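First comes the structure, then the notes that go with it.
Everything numeric in this text was worked out from a predicted model, so none of it was measured. Hydrogens, waters and symmetry mates play no part in the numbers below; they use all other heavy atoms, side chains included.
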Amino acid sequence: MSARVVLAYSGGLDTSVAIPYLAKMTGGDVVAVSLDLGQGGEDMESVRQRALDCGAVESIVIDAKDEFAEQYCVPTIKANGMYMKQYPLVSAISRPLITKHLVKAAQEFGGTHVSHGCTGKGNDQVRFEVSFRAQDPSLEIVAPARDYAWTRDKAIDFAEEINLPIEQSAASPFSIDQNLWGRAVETGFLEDLWNPPTKDLYAYTEDPGLGNAPDEIIISFEQGVPVAVDGKKLTPLQVIEEVNRRAGAQGIGRLDMVEDRLVGIKSREVYEAPGAMVLIQAHQALEDVTVERELARYKRLTDARWSEEVYDGLWHSPLKRSLDAFIEESQQNVTGDIRLSLHAGTATVTGRRSSQSLYSFDLATYDTGDTFDQTAAKGFVQLHGLSTQISNQRDREGGFPTSAEK
């Protein structure tokens with residue numbers, strides 16, 4: 001049986017050149033699959049037609065914005081998904097959705113191979129391939145940039161050689177990935193850690209120093225799911241789009257970090273994720289009000305572990321599935337409203353209300369009406385520190401320095 005390669009197609013130079021190149025290297029046909037994940041920019045019909053013009057035997061465009069928002073972004077909000085406590089998993093959560101539709105297309109169109117444009121240095125090769133194998137290990141995987149040492153200059157030369165009908169420009173020095181949840185920029189002059197980001201790097205956010213007037217926003221959640229903005233009921237997709245727009249106008253969600261890649265190297269990345277950063281902040285603030293202390297403490301550990309699993313491309317792992325179940329259970333009472341002030345690059349929580357709140361004014365107040373029995377605290381403090389007291393007494397009597405003396 002001749003090869004048929006199902007390619008994750010973005011419409012850019014690299015994946016456009018990959019169509020005839022993969023056909024040449026495998027001796028088979030190429031089916032291009034493109035997903036609309038809310039990345040904006042070029043019309044998706046133009047992307048579909050370009051793939052055909054470049055030699056694809058089929059070109060499929062899938063509107064996956066709602067699916068992405070509901071099944072990938074919302075779980076990230078519930079998990080307060082932040083790798084290294086900073087990165088809201090912009091690219092990481094899109095890869096399992098892309099692979100899902102590539103595998104489906106392979107099964108529908110008789111695909112024997114699946115292909116992506118990732119290099120051997122990055123995390124995305126892992127995310128794509130682990131997901132492919134989790135869903136259909138019978139599919140062979142081909143990655144031109146990695147498997148054939150395919151570079152950008154080689155791609156341009158090949159495009160010129162076969163007169164490929166695309167814009168053959170290497171003007172942008174950056175590698176950019178973007179979707180509804182945010183935008184990632186790397187390479188170019190950013191590879192020198194001392195170079196500051198320039199204004200032209202940003203597309204989802206305005207300059208936070210522009211001096212726009214503060215914007216007050218109220219985000220409502222039901223069991224951890226964002227369902228309304230300023231009292232207006234919206235779908236998760238609409239919530240993310242609205243918060244993206246308003247937080248982006250205030251320059252919120254810019255991030256310049258050096259992250260630990262799965263492959264073992266450190267990499268500088270510049271991100272823009274206005275909606276993601278504000279929604280996660282609001283969700284955490286609501287959890288602070290509605291989630292019991294011991295559950296909240298443990299959930300912070302699971303949130304970090306969930307983020308690592310997703311970053312590492314293990315969306316389909318047993319551990320991630322089990323963490324999903326724990327996180328879902330933890331969200332049963334995460335219902336209410338969070339008010340934030342968006343201004344000059346910062347989102348500040350200014351109000352919290354919930355029918356499931358664990359906050360008691362009568363217990364918290366220091367004024368008249370205080371119902372907290374302070375006389376019970378003395379015995380509590382003594383018992384709480386008893387084991388530490390006994391341990392330090394033993395060390396003193398044994399001639400060892402206590403923790404207080406070190």
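Between I19 and L7, the shortest heavy-atom contact is CG1-CD2, 3.7 Å. Of all heavy-atom pairs between D370 and T365, the closest is CG-O, 3.4 Å. Taking all atoms of both residues into account, the shortest heavy-atom contact from Q135 to H316 is NE2-NE2, 3.8 Å. Contact record, P197 with Y202: CB-OH, 3.4 Å, taken as the closest heavy-atom pair. Scanning all heavy atoms of the two residues, the minimum distance from N244 to G275 falls at OD1-N, 2.8 Å. Minimum interatomic distance between G336 and L286 (heavy atoms only, all atoms of both residues): N-CD2, 3.6 Å.
Classified by interplanar angle (parallel below 30°, tilted 30° to 60°, perpendicular above 60°), the ring pair Y21/Y148 is perpendicular. Taking the six-membered ring for Trp and thresholds of 30 and 60 degrees, F128 and H116 have nearly parallel ring planes, at less than 30 degrees apart. Between Y87 and Y311, the ring planes lie perpendicular to each other; the angle is over 60°, past the 30° to 60° tilted range.
In summary, the side chains of D362 and S360 do not present any donor paired with an acceptor at a separation below 3.5 Å, with no hydrogens or angles considered. A donor-acceptor pair shorter than 3.5 Å can be found between the side chains of T15 and S10.
Judged by distance alone, the side chain of S391 and the main-chain N or O of S387 form no donor-acceptor pair under 3.5 Å. Here the side chain of R297 pairs no donor or acceptor atom with the backbone of E292 at under 3.5 angstrom. Listed for the H343 side chain is no donor-acceptor partner under 3.5 Å among the backbone atoms of E216. With hydrogens and angles disregarded, no donor-acceptor distance shorter than 3.5 Å links the side chain of E259 to the backbone of M84. Side chain of T76 to backbone of Y72: a donor-acceptor contact under 3.5 angstrom is found. Side chain of Q125 to backbone of G120: a donor-acceptor contact under 3.5 angstrom is found. Of the possible donor and acceptor atoms, none in the side chain of R353 sits under 3.5 Å from a partner among the backbone N and O of D337. Of the possible donor and acceptor atoms, none in the side chain of R261 sits under 3.5 Å from a partner among the backbone N and O of S267. A donor-acceptor pair is defined here as one N or O able to donate and one able to accept, closer than 3.5 Å; no such pair exists between the side chain of Q331 and the backbone of V334. Distance alone, capped at 3.5 Å, places no donor-acceptor pair between the Q86 side chain and the M257 backbone.
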Derivation of the salt bridge (charged side-chain N to carboxylate O under 4.0 Å, His left out) call for D36 and R48 = CA-CA 11 Å; D36 184 352; R48 189 191 74 82; over 6 Å; no

Kindly indicate, with the supporting measurements, whether the criterion salt bridge (charged side-chain N to carboxylate O under 4.0 Å, His left out) is fulfilled by R4 and E58.
-> CA-CA 11 Å; R4 174 160 282 199; E58 297 280 356; 5.6 Å; no

What's the verdict on side-chain contact (heavy atoms from CB on, under 4.5 Å) for K78 and E287, showing C-alpha distance, side-chain angles and the deciding distance?
-> CA-CA 10 Å; K78 291 181 177 180; E287 283 190 328; over 6 Å; no

Where do Q284 and M82 land on the side-chain contact (heavy atoms from CB on, under 4.5 Å) test, with the steps shown first?
-> CA-CA 12 Å; Q284 287 177 316; M82 293 274 196; 5.8 Å; no

Evaluate side-chain contact (heavy atoms from CB on, under 4.5 Å) for V114 paired with D136, printing each intermediate quantity in order.
-> CA-CA 10 Å; V114 282; D136 189 346; over 6 Å; no

Stepwise, does the side-chain contact (heavy atoms from CB on, under 4.5 Å) test hold for E328 with Q223?
-> CA-CA 9 Å; E328 191 64 31; Q223 296 189 331; 5.8 Å; no

Test R321 against D324 for salt bridge (charged side-chain N to carboxylate O under 4.0 Å, His left out), laying out the working first.
-> CA-CA 5 Å; R321 286 200 302 272; D324 281 337; over 6 Å; no

Step by step, would you call K65 with D63 a salt bridge (charged side-chain N to carboxylate O under 4.0 Å, His left out)?
-> CA-CA 6 Å; K65 294 191 295 294; D63 184 346; 3.0 Å; yes

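Taking the side-chain hydrogen bond (donor to acceptor under 3.5 Å, both in side chains) definition, one finds that E242 meets it with R245, R246, sequence neighbours left out. Listed by chain and residue number, nothing satisfies the salt bridge (Lys or Arg N to Asp or Glu O under 4.0 Å) test with R352 (two or more places apart in sequence, or in another chain). A search for side-chain hydrogen bond (donor to acceptor under 3.5 Å, both in side chains) contacts involving D303 returns N80, K299, not counting sequence neighbours.
The local environment of CZ in F326 is crowded, with over 12 non-hydrogen atoms from other residues, nucleotides or ligands closer than 6.0 Å. Summarising the local packing, CZ of F361 is surrounded by 12 or fewer heavy atoms from other residues, nucleotides or ligands at distances under 6.0 Å.
We find the NZ-CD1 distance between K100 and I98 to be 12.5 Å, quoted to the nearest 0.5 Å. To the nearest 0.5 Å, atom CG of residue N179 and atom OH of residue Y204 are 6.5 Å apart. In this structure, the separation between CG on D147 and CE on M25 is 9.5 Å, given to the nearest 0.5 Å. The structure places CD1 of I252 at 10.0 Å from OG1 of T205, a figure rounded to the nearest 0.5 Å. If you take CZ on R268 and CH2 on W194, they are separated by 11.0 Å, rounding to the nearest 0.5 Å. Residue Q389 holds its CD atom at 9.0 Å from CG of N392, rounded to the nearest 0.5 Å.
Two residues are said to be in side-chain contact when any heavy atoms from C-beta on lie closer than 4.5 Å; R133 and I141 meet this criterion. Side chains of T335 and T290 form no contact here, defined as non-hydrogen atoms less than 4.5 Å apart.
For F68 and W181, the ring centers sit 6.0 Å or farther from each other.
Salt bridge present: R95 and D177 bring a charged side-chain N and a carboxylate O closer than 4.0 Å. Between E191 and K121, no side-chain nitrogen of the basic residue sits less than 4.0 Å from a carboxylate oxygen of the acidic one, so the salt-bridge criterion is not met. The pair D124-R127 meets the salt-bridge criterion, since a charged nitrogen lies less than 4.0 angstrom from a carboxylate oxygen.
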